[in-house]
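Quick caveat, the model's predicted, so the values are computed rather than measured. Letters A, B, ... are given to chains in the order of the sequence lines, protein chains preceding strands, and every chain is numbered from 1.
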Protein chains: 2
Amino acid sequence: MGRGKIEIKRIQNTTTRQVTFSKRRSGLLKKTHELSILCDAQIGLIIFSSTGKMYQYCTEPFRYIYIYINTL
Amino acid sequence: MGRGKIEIKRIQNTTTRQVTFSKRRSGLLKKTHELSILCDAQIGLIIFSSTGKMYQYCTEPFRYIYIYINTL
DNA sequence: TAATCTATATATAACGA
DNA sequence: TTCGTTATATATAGATT
């Protein structure tokens with residue numbers, strides 16, 4: 001989806017990989033949200049970047065699961 | 001992304017909602033996989049349809065988490 | 001770097017069989 | 001209902017700023 005077609009394999013160039021991560025992560029979170037709203041689905045999504053940063057999206061029931069796990 | 005633009009709100013028609021769920025769920029799983037490969041990210045995704053069916057994608061570390069939770 | 005830009009690839013809404 | 005098909009909307013790769 002861009003000026004060129006890319007193969008689905010680890011991007012070797014660090015800068016390119018980080019830029020792609022930022023763009024695609026944003027797109028994935030958006031589509032996750034849309035699916036949950038459009039189709040009334042319950043979704044939990046957690047992403048860890050290769051540098052260890054965490055990003056997440058979750059609908060209500062998944063929030064309870066996280067709270068449960070954290071209070072074990 | 002289609003013949004018409006749609007609003008992001010719960011789809012009222014059951015058939016349309018199920019068709020959309022099937023298509024978008026598939027797209028979301030694909031993009032999740034691509035992000036994990038391209039950017040070497042660890043991702044856990046769980047989707048429950050409104051009828052209770054579960055779908056998931058997870059990279060290795062998340063599989064360990066599931067096993068841990070299931071053996072608690 | 002970190003934002004924009006934009007040409008192209010991809011996803012998908014509405015149909016049709 | 002469950003597949004294709006295809007016109008259109010959207011995401012994004014690479015370039016530019």
Side-chain angles (χ1 to χ4, degrees), chain A residues 1-70, chain B residues 1-70:
Chain A
M1 292 158 275
R3 296 273 173 104
K5 185 182 167 68
I6 59 163
E7 259 191 287
I8 303 304
K9 62 175 186 182
R10 185 174 187 280
I11 296 168
Q12 295 303 316
N13 183 279
T14 304
T15 304
T16 305
R17 190 170 64 247
Q18 286 174 348
V19 169
T20 296
F21 178 73
S22 173
K23 287 179 178 179
R24 282 181 172 253
R25 185 193 70 227
S26 164
L28 191 65
L29 289 169
K30 185 182 177 193
K31 282 193 170 289
T32 301
H33 174 68
E34 291 182 352
L35 180 62
S36 75
I37 298 295
L38 288 170
C39 305
D40 203 22
Q42 298 305 328
I43 309 182
L45 169 67
I46 312 182
I47 303 168
F48 283 96
S49 71
S50 54
T51 58
K53 281 188 186 169
M54 189 185 88
Y55 306 87
Q56 62 158 291
Y57 176 87
C58 60
T59 49
E60 198 69 16
F62 282 97
R63 287 198 275 279
Y64 289 121
I65 293 171
Y66 293 147
I67 291 166
Y68 171 72
I69 291 171
N70 284 325
Chain B
M1 291 161 277
R3 296 273 173 104
K5 184 181 168 67
I6 59 163
E7 258 191 287
I8 303 305
K9 63 175 187 182
R10 186 174 187 278
I11 295 168
Q12 295 303 315
N13 183 279
T14 305
T15 304
T16 305
R17 190 170 64 246
Q18 285 174 349
V19 169
T20 296
F21 178 73
S22 173
K23 288 180 176 178
R24 282 182 171 253
R25 183 191 73 226
S26 165
L28 191 65
L29 289 168
K30 185 182 177 194
K31 283 195 169 286
T32 301
H33 175 66
E34 291 182 352
L35 181 61
S36 75
I37 299 296
L38 289 170
C39 304
D40 202 22
Q42 299 305 329
I43 309 183
L45 170 67
I46 311 181
I47 303 168
F48 282 96
S49 72
S50 55
T51 58
K53 283 190 184 169
M54 188 187 88
Y55 305 87
Q56 61 158 291
Y57 177 87
C58 60
T59 48
E60 197 69 17
F62 283 97
R63 287 198 275 277
Y64 289 120
I65 292 171
Y66 294 147
I67 291 166
Y68 170 71
I69 291 171
N70 284 324

Checklist outcome for this item: Atom NE2 of B/His33 and atom P of C/dA11 are separated, to the nearest Å, by 13 Å
Checklist entry - Counting N and O atoms only, with roles assigned by atom type, does the side chain of B/Ser22 sit under 3.5 Å from a partner on the main chain of B/Gln18, one being a donor and the other an acceptor? => result no
Item to check | Heavy-atom side-chain contact between B/Arg25 and B/Leu28 under 4.5 Å | outcome: no
Checklist outcome for this item: Protein-proximity profile, nucleotides 10-17 of chain D, B/S/- by nucleotide at the 4.0 Å heavy-atom cutoff, equals SBBBBS--
Checklist entry - In whole angstroms, how far is the C1' atom of C/dC15 from the CG atom of B/Asn13? => result 14 Å
Next on the checklist: Looking at C/dA2, I'd like to know if its phosphate oxygens (OP1 or OP2) sit under 4.0 Å from a side-chain N or O belonging to A/Gln18.
Outcome noted: no
Checklist entry - Which residues pass the ring pair (Phe, Tyr, Trp, His ring centres under 6.0 Å) test with B/Phe21, sequence neighbours left out? => result B/Tyr55
Return all side-chain donor-acceptor pairs below 3.5 angstrom for residues 33-44 of chain B, not counting sequence neighbours, or 'none' if the list is empty.
| unit_1 | atom_1 | unit_2 | atom_2 | d |
| --- | --- | --- | --- | --- |
| B/His33 | ND1 | B/Tyr57 | OH | 2.9 |
| B/Glu34 | OE1 | A/Arg24 | NH1 | 2.9 |
| B/Ser36 | OG | B/His33 | O | 2.8 |
| B/Ser36 | OG | B/Tyr57 | OH | 3.0 |
| B/Asp40 | OD2 | A/Arg10 | NE | 3.4 |
| B/Gln42 | OE1 | B/Thr59 | OG1 | 2.7 |

Item to check | salt bridge (Lys or Arg N to Asp or Glu O under 4.0 Å): pairs with one or both residues in residues 52-70 of chain B, sequence neighbours excluded | outcome: B/Glu60-B/Arg63
Item to check | Proximity to DNA chain D (any heavy atom under 4.0 Å), residues of residues 39-58 of chain B only | outcome: none
Checklist entry - What residues, two or more places apart in sequence or in another chain, satisfy salt bridge (charged side-chain N to carboxylate O under 4.0 Å, His left out) together with A/Lys5? => result none
Item to check | 4.5 Å side-chain heavy-atom contact, B/Tyr66 and B/Gln56 | outcome: yes
Checklist entry - Whole-Å distance between C/dA11 P and B/Leu29 CG? => result 12 Å
